[in-house]
Amino acid sequence: MNTKYLQFLPLLSFLFLWEILSRTLLNPLIIPPPSVVFKTLAIILIGNHPVYFLPLDFLYSLYHYVTGFGVAILLGIPLGMVIGWFRSADRFSYPLIELIRPIPPIAWIPIAIAILKLTHEAAAFVIFIGSFWPILLNTHFGVKSVERTWIDAALTLGVNSNGTMFRKVIFPASLPAIFTGIRVGSGVSWMCVVAAEMFGVSNYGMGYKLDFARGFSPDVVISYMIAIGIVGFALDRIYRYGEKRYLKWRG
Amino acid sequence: MSYKLEILNVTKTFNSEEGEIKALEDVNLSVNCCEFLCILGPSGCGKTTLLRLIAGLDYPSSGEIILDGKEVKDPSPDRGMVFQEFSLFPWRTVIKNVTFGLEIQGIDEEEQYRVANEYIELVGLKDFKNCYPYELSGGMKQRVAIARALATEPAILLMDEPFGSVDAQTRNVLQEELLQIWKRTEKTILFVTHSVDEAVYLADRVAVMSARPGRIIECMRINIARPRKRTSVEANVIREKLLTLLSSESLRIG
């Protein structure tokens, strides 16, 4: 047997153990076995279920995620570059950032709903908070760690404006740190999608349905859990691929 | 006769927490066109500071630096600089590093590549032009740095201990190549080093700097015909003189 597949052994053992336990020690009405869960997953995936249709919920969740995460990228990267490059911007923003940053994104949910009501925007705002800080701070760190010699070399080669320096040196040099921020931020944002949707910002969404099914269909709950995990994994893979493609110069 | 580069009464002081540090004191130096001049001095004497002033990366506290009759105020590609190490842009391939200065000047792409290819060939890296810096050895990186500095056709090439971090064999090869490049391009080169051997092998003239605050204590012409032999008797005589000068200086900071 090919040893490559040996790495899946613990995963299969886990599923096997779960199946056994749920058919013996555990109550299958609370923890259904994987054989049941995967059947349910298939049903809600292809739309054979009267209440749950996973692809639609996926699109809603993706919409929330892309909006919040997208704004975090659009604001976090430029702001991170500014506070990384201009010492005074760093100095003056530091107390503000350090005060607001430790507030967990989930703690913003009541305020978000109070201001934006139960809307997509309220969810997007919480998701935005989740990835904004990692992206901002990693970009800031990236700019700070740009080698002085690169800047000097660029100056002697004729770069004479901040704009050109940003475009030609600071941004590409910070890109590895920016990617780290994007990956970390994406992970937090994806968690926030679930949390924000649980408050009922819309009647669809993977997080919303997860909470909705709580009382009566544990197989649906676990199906959504698995789907949420797979999407989170896929998102991370996309950014990893981006890293590999755009940072191949790191060797 | 007018000089290519003139350094007139240049003084540089830095403000630090312990007060003012005088890095350079009343430095005077004139460099002729197409001359290869080495600035030799103990570490910490301010020779890099002097080079940075000429590059325009820093300003003198007093005095003037004049290149081709014009005072130096800002960095400009008319003074190409080769740094000690790690100066290549790691996110750009060899050829894109060399085109950088031309790209900034807004020269069209075809011309950028034509010029860059020429200089890459000059430094012998034709087969590596699409490599990233991490794929190159230390010596190759410095060759790229030289090609990059030359690509904008500077009036003078400033080199800050460019071979300081490569192994001895590679350094000898690089020195030899640099002399050939110098001959072919007829550039004026200002080369900072702390190695007496390097200065004696490369330079038309050696400006010896004192320990901090740095001053030029002696300007010595190296009258050895080229190509030079590293082990010749005349080279040894000059080495001896320079070493004596330097050892008295190093003792002073001790």
Side-chain angles (χ1 to χ4, degrees), chain A residues 77-78 80-81 84-88 91 135 138-183 239-251, chain B residues 48 51-52 54-58 72-94 96-107 116 130-136 141 144-154 156-160 162 165:
Chain A
I77 294 174
M81 297 195 80
W85 183 246
F86 299 103
R87 197 164 302 212
S88 55
R91 219 164 61 94
I135 292 171
N138 275 286
T139 305
H140 175 256
F141 169 78
V143 174
K144 280 270 177 225
S145 48
V146 173
E147 294 275 347
R148 181 71 228 180
T149 320
W150 297 337
I151 293 166
D152 286 344
L155 288 169
T156 62
L157 288 165
V159 172
N160 58 11
S161 75
N162 268 327
T164 313
M165 191 62 92
F166 266 103
R167 260 184 317 116
K168 299 283 184 187
V169 181
I170 314 288
F171 179 73
S174 322
L175 211 50
I178 292 174
F179 260 106
T180 304
I182 285 176
R183 278 185 53 207
Y239 303 125
R240 264 177 210 254
Y241 173 76
E243 264 183 325
K244 240 173 131 178
R245 178 138 177 356
Y246 292 103
L247 301 179
K248 55 174 186 258
W249 52 268
R250 282 197 302 181
Chain B
T48 295
L51 213 60
R52 289 179 62 85
I54 300 166
L57 292 170
D58 211 338
V72 164
K73 286 213 162 70
D74 293 301
S76 147
D78 67 4
R79 279 151 283 133
M81 180 126 170
V82 179
F83 297 83
Q84 285 180 27
E85 52 179 344
F86 307 128
S87 78
L88 294 186
F89 303 125
W91 58 90
R92 287 176 159 247
T93 57
V94 166
K96 293 296 279 176
N97 262 280
V98 180
T99 58
F100 187 89
L102 305 163
E103 196 179 304
I104 298 300
Q105 290 177 7
I107 289 164
N130 293 317
C131 290
Y132 284 100
Y134 81 92
E135 298 170 289
L136 306 178
K141 283 182 196 163
V144 179
I146 293 170
R148 183 176 68 177
L150 287 172
T152 51
E153 301 194 340
I156 186 167
L157 191 60
L158 309 171
M159 306 184 81
D160 185 12
S165 56

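To find a chain, count down the sequence lines: A is the first, B the second, and so on, and within it residues start at 1.
- Residue B:Leu102: no heavy atom, backbone or side chain, is found under 4.5 Å from chain A.
- With a 4.5 Å cut-off on non-hydrogen atoms, B:Arg52 touches chain A through its side chain but not through its backbone.
- Chosen from B:Pro133, B:Cys131, B:Pro90, the residue pairing most often with chain A at heavy-atom distances under 4.5 Å is B:Pro90.
- Inter-residue side-chain proximity for B:Arg92 and B:Glu103 is flagged as met; some heavy-atom pair is nearer than 4.5 Å.
- Counting heavy-atom pairs under 4.5 Å between each of B:Ala149, B:Gly101, B:Ser87 and chain A puts B:Ser87 at the top.
- In this structure, a donor-acceptor pair under 3.5 Å is present between the side chains of B:Thr48 and B:Asp160.
- The ring-ring contact (aromatic ring centres under 6.0 Å, His included) test applied to B:Phe89 returns B:Trp91, B:Phe100, not counting sequence neighbours.
- Within residues 72-81 of chain B, the residues having any heavy atom less than 4.5 Å from a heavy atom of chain A are, in residue-number order, B:Pro75, B:Ser76, B:Pro77, B:Arg79, B:Met81.
- Between the CG atom of B:Asn97 and the OH atom of B:Tyr132 there is a distance of 10.5 Å, given to the nearest 0.5 Å.
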Output a table of donor-acceptor pairs, distance under 3.5 Å, between side-chain atoms of residues 244-251 of chain A and any protein atom two or more places apart or on a different chain; print 'none' if there are none.
from	atom 1	to	atom 2	distance (Å)
A:Trp249	NE1	A:Tyr246	O	3.3

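- Residue B:Glu135 does not touch chain A at all, counting heavy-atom pairs closer than 4.5 Å.
- Atoms NZ and CG, from B:Lys96 and B:Asn130 in turn, are 11.0 Å apart once rounded to the nearest 0.5 Å.
- Within residues 161-171 of chain A, the residues having any heavy atom less than 4.5 Å from a heavy atom of chain B are, in residue-number order, A:Thr164, A:Lys168, A:Val169.
- For the pair A:Thr149 and B:Gln84, the minimum side-chain heavy-atom distance is 4.5 Å or more.
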Side chain to side chain contact (heavy atoms under 4.5 Å, CB included) evaluation trace for A:Thr180 with A:Phe141: CA-CA 11 Å; A:Thr180 304; A:Phe141 169 78; over 6 Å; no
